[in-house]
Chemist: 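One structure is given below, represented as structure tokens, and several questions about it will come after.
Values reported hereafter were calculated over all heavy atoms of this structure, with side chains retained and with hydrogens, waters and symmetry mates removed.
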Amino acid sequence: GVLIGEYPCIVDVKGRLNFPAKLREDLGERFLLSKGLGDRCLCVYSLEEWERRRQKLSSLPSAEMYALQRYLFSGAAEVEPDKQGRIVIPQVLRDFIQVERDVMVVGADNRCEIWTKKDWEETQQQLSPEYIRSLIQKAGF
């Protein structure tokens, strides 16, 4: 299904996050976390979506492909929620988004994103009605 919604969550001191049940249902039993592309957030992909993206990368010129592969794959982790629905975010990924405690898990169509609450709020403030209108026009939406 399409991944939607916005869920305030907490990352505990051990890096555990109770991942929203609705999103878990859509992502499957195991899924992948990786560094965001150009944003200080984490992207969460189903295994199928990760595979689609991996194949897309292989169509790039080698230098670009290698650079993106290093960036994405070195910081990626496959996770499996425990019985309580918790996943562990590896330290390298917690450091990447500079997480302390409060995060927002958001659905973004074919992926989810994990943002610190602070960064999410800042990102939302940048989405002025004018900016959204310009994006809609560009997309012919």
Chemist: Using every non-hydrogen atom in the two residues, find where Gly85 and Asn18 come nearest and quote the distance to one decimal.
Modeler: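 So the two residues come closest at O-OD1, 3.6 Å.
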
Chemist: With sequence neighbours excluded, what pairs up with Phe73 under the ring pair (Phe, Tyr, Trp, His ring centres under 6.0 Å) test?
Modeler: Trp50

Chemist: Please report the interatomic distance CG(Asp102) to OG1(Thr116), rounded to the nearest 0.5 Å.
Modeler: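 Rounded to the nearest 0.5 Å, the CG-OG1 separation comes out at 9.5 Å.
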
Chemist: Please examine the side chains of Leu3 and Asp109, heavy atoms only from C-beta on, and report whether any two atoms are closer than 4.5 Å.
Modeler: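 No, too far: nothing below the 4.5 Å cut-off.
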
Chemist: Could you tell me which non-hydrogen atom of Gly75 sits nearest to which non-hydrogen atom of Leu93, and how far apart they are?
Modeler: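 That closest heavy-atom pairing would be O-CD2, 2.9 Å.
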
Chemist: Other than Val106, what residues sit in its cluster of Ile, Leu, Val, Met, Phe, Trp and Tyr side chains whose heavy atoms are under 4.5 Å apart, directly or through others?
Modeler: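 Met104, Trp115, Trp120, listed by chain and number.
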
Chemist: Kindly check if the number of other-residue, nucleotide or ligand heavy atoms within 6.0 Å of CD (Glu29) is above 12?
Modeler: no

Chemist: Is there a side-chain contact (heavy atoms from CB on, under 4.5 Å) between Glu49 and Arg111 once you walk through the steps?
Modeler: CA-CA 8 Å; Glu49 182 62 27; Arg111 67 181 188 285; 5.5 Å; no

Chemist: Atom SG of Cys43 and atom CG of Leu33: how far apart are they, to the nearest 0.5 Å?
Modeler: 10.0 Å

Chemist: Could I get the full list of side-chain hydrogen bond (donor to acceptor under 3.5 Å, both in side chains) partners for Glu121, not counting sequence neighbours?
Modeler: Lys117

Chemist: Do Ile87 and Phe31 pass the side-chain contact (heavy atoms from CB on, under 4.5 Å) test, and can you show the C-alpha distance, the side-chain angles, and the key distance before you say yes or no?
Modeler: CA-CA 10 Å; Ile87 61 167; Phe31 41 91; 3.9 Å; yes

Chemist: Would you be so kind as to tabulate the donor-acceptor pairs closer than 3.5 Å made by side chains of residues 5-12, with sequence neighbours excluded?
Modeler:
residue	atom	partner	partner atom	Å
Tyr7	OH	Ile4	O	3.3
Asp12	OD1	Lys14	N	2.9
Asp12	OD1	Gly15	N	3.1
Asp12	OD1	Arg16	N	2.9
Asp12	OD2	Arg16	NE	2.7
Asp12	OD2	Arg16	NH2	2.9

Chemist: Between atom SG of Cys41 and atom CD of Glu113, what is the distance when rounded to the nearest 0.5 Å?
Modeler: 4.0 Å

Chemist: Got a second to check how far Lys35's NZ is from Ile97's CD1, nearest 0.5 Å?
Modeler: 12.5 Å

Chemist: Could you walk me through whether Asp26 and Val2 pass side-chain contact (heavy atoms from CB on, under 4.5 Å), step by step?
Modeler: CA-CA 8 Å; Asp26 290 335; Val2 176; over 6 Å; no

Chemist: Does Val88 share a hydrophobic cluster with Leu47, counting links as ILVMFWY side-chain heavy atoms below 4.5 Å and allowing steps through other members?
Modeler: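 No, no single cluster joins them.
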
Chemist: May I ask you to test the Arg53-Tyr45 pair for a side-chain heavy-atom distance under 4.5 Å?
Modeler: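 Contact flag for Arg53/Tyr45 side chains = yes.
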
Chemist: How many angstroms lie between NZ in Lys118 and CD in Gln98, if you round to the nearest 0.5 Å?
Modeler: 7.5 Å

Chemist: Taking only residues two or more places apart in sequence or in another chain, which ones pass side-chain contact (heavy atoms from CB on, under 4.5 Å) with Glu100?
Modeler: none

Chemist: Hey, is the main chain of Ile89 close enough, under 3.5 Å, to the side chain of Arg94 for a donor-acceptor pair?
Modeler: yes

Chemist: Is Leu17 reachable from Val13 through a run of hydrophobic residues whose side-chain heavy atoms are each under 4.5 Å from the next?
Modeler: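 No, it is not one cluster - the side chains of Val13 and Leu17 are not joined through contacts under 4.5 Å.
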
Chemist: Which distance, rounded to the nearest 0.5 Å, do you find between the CG of Leu135 and the OH of Tyr131?
Modeler: 4.5 Å

Chemist: Could you list all the side chain to side chain donor-acceptor pair (under 3.5 Å) pairs where at least one residue sits in residues 55-66, not counting sequence neighbours?
Modeler: Glu51-Gln55

Chemist: Please lay out, stage by stage, how Leu72 and Leu57 fare under the test side-chain contact (heavy atoms from CB on, under 4.5 Å).
Modeler: CA-CA 10 Å; Leu72 278 176; Leu57 272 184; 4.1 Å; yes

